[in-house]
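Encoded as structure tokens, the structure appears first; notes follow it.
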Amino acid sequence: MTQKEITLTVNGTERELTVEPRRLLVHAIREDLDLTGTHIGCDTGNCGACTVYKDGQAVKSCLQFAVQADGSEVTTVEGMADLPEAGSGRDDDLHPIQEGFREMHGLQCGYCTPGMIMAGKALLEENPDPTDEEIRERISGNLCRCTGYQNIVKSIQYAADVYNDREPPEPQAEAEAAADGGTPMGGGGTTGGCGCDGPAGSGATVDLEHDYPTTGAGPASPADDPTSDGGGDAR
Ligand code: FES
Ligand code: FES
């Protein structure tokens with residue numbers, strides 16, 4: 001089959017590819033560029049796992065041919081920590097949205113997470129201080145089968161705090177340790193959804209009940225959230 005030469009700027013680096021016209025952008029990203037952080041959950045545009053940030057918009061890369069992206073600038077999850085706003089939170093090595101997902105326990109298996117992060121990036125570029133409802137609307141094309149959406153919304157709100165120079169919530173264990181002089185692991189507190197000690201390797205527990213001030217009508221707690229059972233639409 002005829003091959004086409006295309007050029008993509010991916011995570012700030014110009015990359016030249018030779019692809020068949022039928023090659024999907026997601027396959028070019030994962031297989032030709034070896035950037036496997038962009039996931040494939042359905043290949044039919046339903047799950048959002050393949051979402052990347054392309055020319056200022058979140059796009060599902062399974063719904064585009066690679067040749068349609070010729071000349072585009074694409075950011076994948078691998079490039080998030082190199083963006084100008086990276087390191088503006090508490091962790092110098094992470095983008096605030098990545099940090100938010102870690103601190104607010106926005107993931108369990110993590111399969112949906114790169115797509116959620118890229119959808120969150122596109123939202124915050126357009127609207128740096130969204131309501132819960134606006135976040136839910138924006139991630140409604142991204143499915144998570146593990147967490148429900150409450151903590152994903154909180155993760156993006158955490159990043160919005162950073163974007164707006166507000167203090168994001170402390171992980172609960174650190175707050176407790178600071179209060180009683182103990183160690184983060186010794187103070188009890190709320191653990192990850194599976195009963196472990198929080199996100200893998202973090203050694204920290206998180207404040208799942210932090211009440212974000214919003215102007216929207218989003219639910220105040222997981223108990224009020226009809227979508228927090230892990231299924232259904234994010235809205
Ligand atoms: Fe693209 Fe599911 S893999 S939307
Ligand atoms: Fe498992 Fe979202 S964390 S699908």
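Just so you know, these numbers use all the heavy atoms, side chains as well, and skip hydrogens, waters and symmetry mates. First listed ligand is number 1; within each ligand, the first listed atom is number 1.
Contact atoms of ligand 2 toward Cys144: 2 (Fe), 3 (S), 4 (S) (distance under 4.0 Å to a heavy atom of the residue). Annotation for ligand 2: atoms under 4.0 Å from non-hydrogen atoms of Cys109 are 1 (Fe), 3 (S), 4 (S). Ligand 2 places these atoms under 4.0 Å from at least one heavy atom of Gln108: 3 (S). Using a 4.0 Å cut-off to heavy atoms of Gly110, the atoms of ligand 2 that qualify are 1 (Fe), 3 (S).
For atom 4 (S) of ligand 2, the closest non-hydrogen atom of the protein is Arg145 N, 3.3 Å.
Counting only protein atoms, the N, O or S atoms lying less than 2.8 Å from atom 2 (Fe) of ligand 1 are Cys42 SG, Cys47 SG, ordered by chain and residue number.
Comment: Glu134 does not engage Arg138 in a salt bridge, judged by the lack of any side-chain N to carboxylate O separation of less than 4.0 angstrom. Looking at Arg102 and Asp91, a side-chain N of the basic residue comes within less than 4.0 Å of a carboxylate O on the acidic one, giving a salt bridge. A salt bridge links Arg90 and Glu167; the closest N-O separation between the charged side-chain nitrogens and carboxylate oxygens is under 4.0 Å. A salt bridge between Asp32 and Arg23 is present, with a side-chain N of the basic residue lying under 4.0 Å from a carboxylate O of the acidic one. Looking at Arg166 and Asp129, a side-chain N of the basic residue comes within less than 4.0 Å of a carboxylate O on the acidic one, giving a salt bridge.
For atom 1 (Fe) of ligand 2, the N/O/S atoms of Cys146 include one lying under 2.8 Å. When distances to atom 1 (Fe) of ligand 2 are checked against a cut-off of 2.8 Å, Cys112 contributes no N, O or S atom below that limit.
Here the closest non-hydrogen pair linking Gly106 and Thr147 is O-CG2, 4.0 Å. The two atoms that bring Gln57 and Ala122 nearest to each other are C-CB, 4.4 Å, heavy atoms only.
Between Tyr111 and Met116 the shortest side-chain heavy-atom distance does not fall below 4.5 Å. Phe101 is listed as a side-chain neighbour of Ile152, based on a closest heavy-atom distance under 4.5 Å.
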